[in-house]
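For reference, the structure is listed below as structure tokens.
Only this structure's heavy atoms are used, side chains among them; waters, hydrogens and symmetry mates stay out. Each chain gets a letter, A, B and so on, in the order the sequences are listed, and its residues count up from 1.
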2 protein chains.
Amino acid sequence: MATPASLEEDSQGAALAWPDHAREVLAQNGYRLGGARAAVITALAEHGCAASAAELHGAARAEGADLGLASVYRALELLEELGVAKRVELGERGARFEAIGPLGDHHHHMVCESCGTVEPFEDGDLEQALTTAAQRQGFTPLAHEVVFQGRCGSCGPGEDA
Amino acid sequence: MATPASLEEDSQGAALAWPDHAREVLAQNGYRLGGARAAVITALAEHGCAASAAELHGAARAEGADLGLASVYRALELLEELGVAKRVELGERGARFEAIGPLGDHHHHMVCESCGTVEPFEDGDLEQALTTAAQRQGFTPLAHEVVFQGRCGSCGPGEDA
DNA sequence: GTGAATGCAAACTCTTTGCATGACT
DNA sequence: AGTCATGCAAAGAGTTTGCATTCAC
């Protein structure tokens with residue numbers, strides 16, 4: 001837990017940022033790195049948290065990549081399958097995606113109903129409670145997702161609008 | 001917490017099951033009870049947990065109601081707005097809906113990747129941890145959702161398939 | 001050089017909306 | 001009786017798939 005979650009040591013001991021990690025995993029599993037996948041990896045790394053497919057598509061095109069939206073979906077599906085990206089449902093229309101750190105970087109989301117911001121957060125105690133709850137139910141969790149809908153610190157607990 | 005969550009005392013002290021509760025809330029807010037809304041309320045009450053709009057539509061038609069899918073969505077939207085039903089996203093395709101008890105009955109879901117079952121569960125400690133985590137982040141939660149994906153007790157922690 | 005990856009466009013699914021008809025209070 | 005709810009059909013949004021071409025290895 002002392003190492004930043006976005007970095008890992010590869011077999012030579014060099015630090016790898018997430019894009020490198022993702023590319024390495026692709027290669028290790030026999031997948032090629034075309035323009036679309038490379039662009040999606042870059043876009044995912046730069047967006048940070050909970051990006052929609054359309055946002056990633058737009059970001060990639062803004063950086064000069066010429067890729068189709070379908071390829072974005074295909075790349076995201078593959079990255080998720082390989083465990084380097086994650087699909088997140090925030091209760092809005094459409095799914096969102098984000099990079100998963102090689103060390104199991106893990107966070108959840110708060111969606112502010114007032115300003116629409118999606119904020120990530122980590123909470124060790126919450127993770128512990130989640131694990132305990134799953135055990136109590138005799139469930140073996142492979143993944144879990146927590147989403148808060150409410151009002152963020154900036155918008156305060158005040159009334160609507 | 002001593003009263004079953006699906007029952008409440010109305011102003012006369014009589015116990016109300018959820019369908020009655022839902023109808024009462026509709027009336028109190030000036031909404032009429034047509035065939036479609038009545039059928040959706042019945043279907044929601046009978047399905048129990050995390051039903052899709054199509055499932056509710058089918059169930060309602062199976063019971064003789066002649067309603068359109070659009071009306072199911074309209075009814076669900078209204079019931080959610082009135083706080084007697086809840087929309088749940090389980091990471092699958094499409095949203096799911098369920099009744100909310102008048103006393104704030106509250107549970108979360110475990111989705112078994114092996115048998116596809118969706119199981120509800122309640123956990124007081126987890127709720128506490130969620131509340132604490134939100135406070136720590138300076139967030140005022142109006143709603144929250146927890147979804148586990150994994151393997152249920154029946155399927156065990158074994159390998160895939 | 002070869003098979004995998006990509007772009008484009010069409011197909012698909014889920015959900016919402018418009019409008020005329022019919023039903024609830 | 002008046003207004004609201006509903007059914008049907010069409011529109012919308014997000015996502016997936018088919019196929020010919022291009023590109024990474």
Side-chain angles (χ1 to χ4, degrees), chain A residues 19 22-44 50-61 63-82 84-97, chain B residues 19 22-44 50-61 63-82 84-97:
Chain A
R23 285 187 279 261
E24 190 173 301
V25 171
L26 275 182
Q28 285 169 350
N29 287 83
Y31 292 101
R32 296 180 180 174
L33 182 63
R37 285 178 188 162
V40 169
I41 287 173
T42 301
L44 261 184
S52 70
E55 284 168 351
L56 294 169
H57 184 221
R61 292 189 90 102
E63 294 206 352
D66 188 14
L67 77 175
L69 182 54
S71 298
V72 174
Y73 279 107
R74 279 191 278 235
L76 288 170
E77 181 185 6
L78 179 60
L79 293 173
E80 184 185 14
E81 195 178 309
L82 295 176
V84 294
K86 184 172 184 278
R87 176 189 297 247
V88 180
E89 309 271 355
L90 297 182
E92 307 162 301
R93 185 167 208 148
R96 289 175 170 274
F97 302 85
Chain B
R23 285 187 280 260
E24 189 172 302
V25 171
L26 276 181
Q28 284 170 350
N29 287 84
Y31 292 101
R32 295 181 181 173
L33 181 63
R37 285 178 188 161
V40 169
I41 287 172
T42 301
L44 261 184
S52 70
E55 285 168 351
L56 294 170
H57 185 221
R61 293 189 90 101
E63 294 206 352
D66 189 11
L67 77 174
L69 182 54
S71 297
V72 174
Y73 279 107
R74 279 190 278 233
L76 289 171
E77 181 185 6
L78 179 59
L79 293 174
E80 184 185 14
E81 194 178 310
L82 295 177
V84 294
K86 183 171 184 281
R87 176 187 298 244
V88 180
E89 308 272 354
L90 296 182
E92 307 162 301
R93 185 169 205 145
R96 290 176 170 274
F97 301 86

Is there a side-chain contact between B:Arg61 and B:Glu63, using heavy atoms and a 4.5 Å cut-off? no

Run the salt bridge (charged side-chain N to carboxylate O under 4.0 Å, His left out) check on B:Arg96 and B:Glu55 step by step: do they pass? CA-CA 9 Å; B:Arg96 290 176 170 274; B:Glu55 285 168 351; 3.4 Å; yes

Rounded distance (Å) that lies between atom P of C:dC14 and atom CD of B:Glu55: 11 Å

Whole-Å gap separating C1' (D:dG7) and OH (B:Tyr73): 16 Å

Mark yes or no for a side-chain to base donor-acceptor pair under 3.5 Å between B:Arg74 and C:dG18, with no hydrogen or angle criteria applied. yes

With nearest nucleotide decided by heavy atoms, which residue, B:Phe97 or B:Leu33, maps closer to the 5′ end of DNA chain C? B:Phe97

Measure CZ/B:Arg32 against P/C:dG22 and give the value in whole Å, please. 16 Å

What heavy-atom pair brings A:Val25 and A:Asn29 nearest, and what distance separates the two atoms? O-OD1, 2.8 Å

To the nearest angstrom, how far is B:Glu89 atom CD from C:dT15 atom C1'? 12 Å

Please give, in whole Å, the distance from C:dT6 P to A:Tyr31 OH? 12 Å

Are any of B:Arg37's side-chain N or O atoms less than 4.0 Å away from OP1 or OP2 of D:dT6? yes

What integer distance in Å separates A:Arg93:CZ from C:dT13:P? 16 Å

Considering all heavy atoms, the nearest A:Leu56-A:Phe97 contact: CD1-CB, 4.5 Å

Compare every heavy atom of A:Pro19 with every heavy atom of A:Ile41, then report the nearest pair and how far apart it is. CG2-CA, 3.7 Å

Of all the choices, D:dC8, C:dT6, D:dT16, which nucleotide is nearest to the side chain of B:Ala70 once you look at every atom? D:dC8

Separation of atom CG in B:Leu26 from atom C1' in C:dT25, rounded to whole Å: 14 Å

Mind checking B:Ala75 for me? I need base, sugar-phosphate or nothing, with any heavy atom below 4.0 Å counting as a touch. nothing

Need one value for B:Ala95: base, sugar-phosphate or nothing, where a base atom within 4.0 Å counts as base even if backbone is also close, heavy atoms only. sugar-phosphate

I want to confirm an ordering. Mapping B:Ala54 and A:Arg61 to their closest nucleotides on DNA chain C, which one lands closer to the 5' end? A:Arg61

A:Leu67 atom CG is separated from C:dA5 atom P, nearest whole Å, by 15 Å

Considering every strand and a 4.0 Å limit on heavy-atom distances, what is the contact class for B:Ala36: base, sugar-phosphate, or nothing? sugar-phosphate

